[in-house]
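Below is one structure, written out as C-alpha cells; comments come after it.
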Amino acid sequence: MEVEEQPPQEADGEPVLTSGASGSVPRVLSGEPQNLSDVDAFNLLLEMKLKRRREQPNLPRTVTQLVAEDGSRVYVVGTAHFSDDSKRDVVKTIREVQPDVVVVELCQYRVSMLKMDERTLLREAREVSLEKLQQAVRQNGLMSGLMQMLLLKVSAHITEQLGMAPGGEFREAFKEASKVPFCKFHLGDRPIPVTFKRAIAALSFWQKVKLAWGLCFLSDPISKDDVERCKQKDLLEQMMAEMIGEFPDLHRTIVAERDVYLTHALRQAARRLELPRASEAEPRKCVPSVVVGVVGMGHVPGIEKNWSTDLNIQEIMTIPPPSISGRVSRLALKAAFFGLLGYGLYWMGRRTVNLVLSLPTMQYCLQRASEARPRQ
C-alpha cells in the first residue's frame with residue numbers, strides 16, 4: 001500500500017511515506033506453478049481482489065456514492081471524529097468495495113496520528129504545552145498559531161470528556177487499506193497552515209478577539225450519546241459552527257473551501273486504472289477505479305454539491321497579504337507582549353534586590369562598609 005498526499009492538479013506532490021503491500025499479498029498455492037511473471041502475479045491478485053469486491057455492497061447509511069465521468073465510483077464515508085460507530089462504518093465499507101484508493105481528511109501536517117497508538121494520542125491531545133504553542137507560532141505565525149492552539153483546546157476538551165482520541169476512523173482506514181492489494185492511501189485535506197492563515201486573514205481584529213474568547217471558555221459537558229446524535233454532522237464541526245455562525249468568512253475558509261479541496265482530491269483519485277500488459281504489442285486496457293473517501297460528516301453535503309462543478313484549487317491555496325488593521329494589531333500585540341515582559345522583569349528584579357538587601361547578613365555587611373568609610 002502506498003501512502004500519499006493527494007496534491008492539487010497544478011502541483012506535483014511527493015508521497016509522504018510508502019509501505020509495501022507484500023503483507024496483504026496472498027501466497028500461491030502449492031499446486032500452482034511458482035514461476036509466475038510479474039504480469040501474471042498482478043492479474044492473479046487483481047482477480048482475487050475483484051472476487052472479493054461486491055457489485056451491490058451492503059454499505060452503512062453514512063456512505064454516499066458518487067460516480068465520476070469515466071465510470072469510476074467513489075464511496076464517501078461521513079464520520080464523527082470521536083465515534084466508535086464511525087470506525088466500524090469505515091472498516092465495513094473498505095471490506096465491501098475493496099477500493100483502489102482510500103482518501104482521508106488529513107494533510108501531511110497531521111499524518112503522524114496514523115501511526116500513534118490510542119494512549120499516546122490521548123496524552124498528546126490533553127497536553128497543550130508552551131512548547132506546542134511555540135511550534136505552532138513558528139509554523140503558522142503568531143495569530144494563526146494561537147488560533148491553532150485554541151482549536152486544539154476544543155479537541156482536548158472533547159477528548160477529556162469522552163476519554164477517546166480523535167481520528168480513530170482514519171487509523172482504521174489506514175489499517176484496512178493495507179490489507180487490500182494495490183490499494184493506495186491519499187492524504188486529501190488542504191495543508192493546515194494554509195487553512196489557518198486564510199481563516200485569520202478573513203477576520204477583523206475584534207472578530208479574532210471574540211472568537212478566541214469563545215474558544216477559551218468552552219466547557220460544556222459532552223457524552224458519547226451526544227457524539228452519536230451528531231452522526232449527521234460531525235461533532236467538532238457542529239461545535240465550531242455554533243461558535244462561528246456570526247463569522248461567515250471563517251466558515252467559508254474552514255469548511256466550504258475544504259469541501260472544494262476534498263472534492264478535488266477525490267476526483268483526482270477517481271481515475272481509470274491502466275492494467276499491465278504482457279508485451280508492448282498488447283493494446284492498452286483501462287478500467288474504472290473504486291475510491292473510498294473518509295471525511296467528517298459536515299463535509300459530505302459540500303462534496304456532493306461540488307462534485308460536478310468546475311473547481312478553482314489555486315484560488316483557495318493562496319494566502320492573502322495581511323491587511324493594514326492586521327499589521328497594526330500584530331504590532332500592538334507584540335508591543336504589549338514585550339512591554340509586559342519588560343515590566344515583569346523590572347518588577348521581579350526590584351523585588352529581588354529589596355529582598356537581598358533586607359537579609360540580616362547583607363544589613364551587617366552594609367553597616368560595616370559604612371563604618372569603614374573614611375570620614376571627611
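Since the structure is predicted, the reported quantities are computational estimates derived from the model, not experimental observations.
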ask   = So, are R271 and D70 salt-bridged, with charged N and O less than 4.0 Å apart?
value = no

request  = Look at D89 together with K92 and state whether they make a salt bridge at an N to O cut-off of under 4.0 Å.
outcome  = no

Atom [atom1] in [X], atom [atom2] in [Y]: separation rounded to 0.5 Å?
X: H299; Y: T79; atom1: NE2; atom2: OG1; value: 9.0 Å
X: T263; Y: L266; atom1: OG1; atom2: CG; value: 6.5 Å
X: M317; Y: R190; atom1: CE; atom2: CZ; value: 7.5 Å
X: T195; Y: I200; atom1: OG1; atom2: CD1; value: 11.5 Å
X: H264; Y: L311; atom1: NE2; atom2: CG; value: 7.5 Å
X: K179; Y: R95; atom1: NZ; atom2: CZ; value: 5.0 Å

Closest heavy-atom pair and its distance - [X], [Y]:
X: A68; Y: A270; result: CB-O, 4.2 Å
X: E304; Y: T64; result: OE2-CG2, 3.5 Å
X: Q98; Y: P181; result: OE1-CD, 4.5 Å
X: A265; Y: V103; result: CB-CG1, 4.4 Å
X: Y261; Y: G188; result: CD2-O, 3.2 Å
X: V290; Y: Y75; result: CG1-CE1, 3.8 Å

key: side-chain contact (heavy atoms from CB on, under 4.5 Å) partner of V292, chosen from I94, D100, V63, V90   = I94

ask   = Please walk me through it: do V74 and W307 pass side-chain contact (heavy atoms from CB on, under 4.5 Å)?
value = CA-CA 11 Å; V74 178; W307 185 250; 3.7 Å; yes

query = Any side-chain donor paired with an acceptor under 3.5 Å for E169 and S86?
reply = no

message = For R198 and T253, which I'm curious about, is there any donor-acceptor pair between the side chains at under 3.5 Å?
response = no

request  = Test side chain to side chain donor-acceptor pair (under 3.5 Å) on S83 and D85 and set out the steps.
outcome  = CA-CA 5 Å; S83 169; D85 281 354; 5.1 Å; no

key: Note, L106 side chain near M113 side chain (heavy atom, < 4.5 Å)   = yes

inquiry  = Assess the residue pair C183 and V102 against the criterion (side-chain contact (heavy atoms from CB on, under 4.5 Å)); give the C-alpha distance rounded to whole Å, side-chain angles, the decisive distance to 0.1 Å, and a yes or no.
reply    = CA-CA 7 Å; C183 182; V102 172; 3.8 Å; yes

query = Got a donor-acceptor contact below 3.5 angstrom from the R53 side chain to the V97 backbone?
reply = yes

request  = Say whether, by atom type as modelled, one donor and one acceptor occur between the side chain of R350 and the main chain of Y346 under 3.5 angstrom.
outcome  = no

message = Would you say that more than 12 heavy atoms from the other residues, nucleotides or ligands in this model lie under 6.0 Å from the CD of E69, or not?
response = no

message = Test of understanding: with side chain to side chain contact (heavy atoms under 4.5 Å, CB included), list the residues that count as partners of E172, not counting sequence neighbours.
response = K87, V91, K175

inquiry  = Set out, in order, the CA-CA distance, both residues' side-chain angles and the distance that settles side-chain contact (heavy atoms from CB on, under 4.5 Å) for F182 and L273, then state yes or no.
reply    = CA-CA 11 Å; F182 314 116; L273 301 175; over 6 Å; no

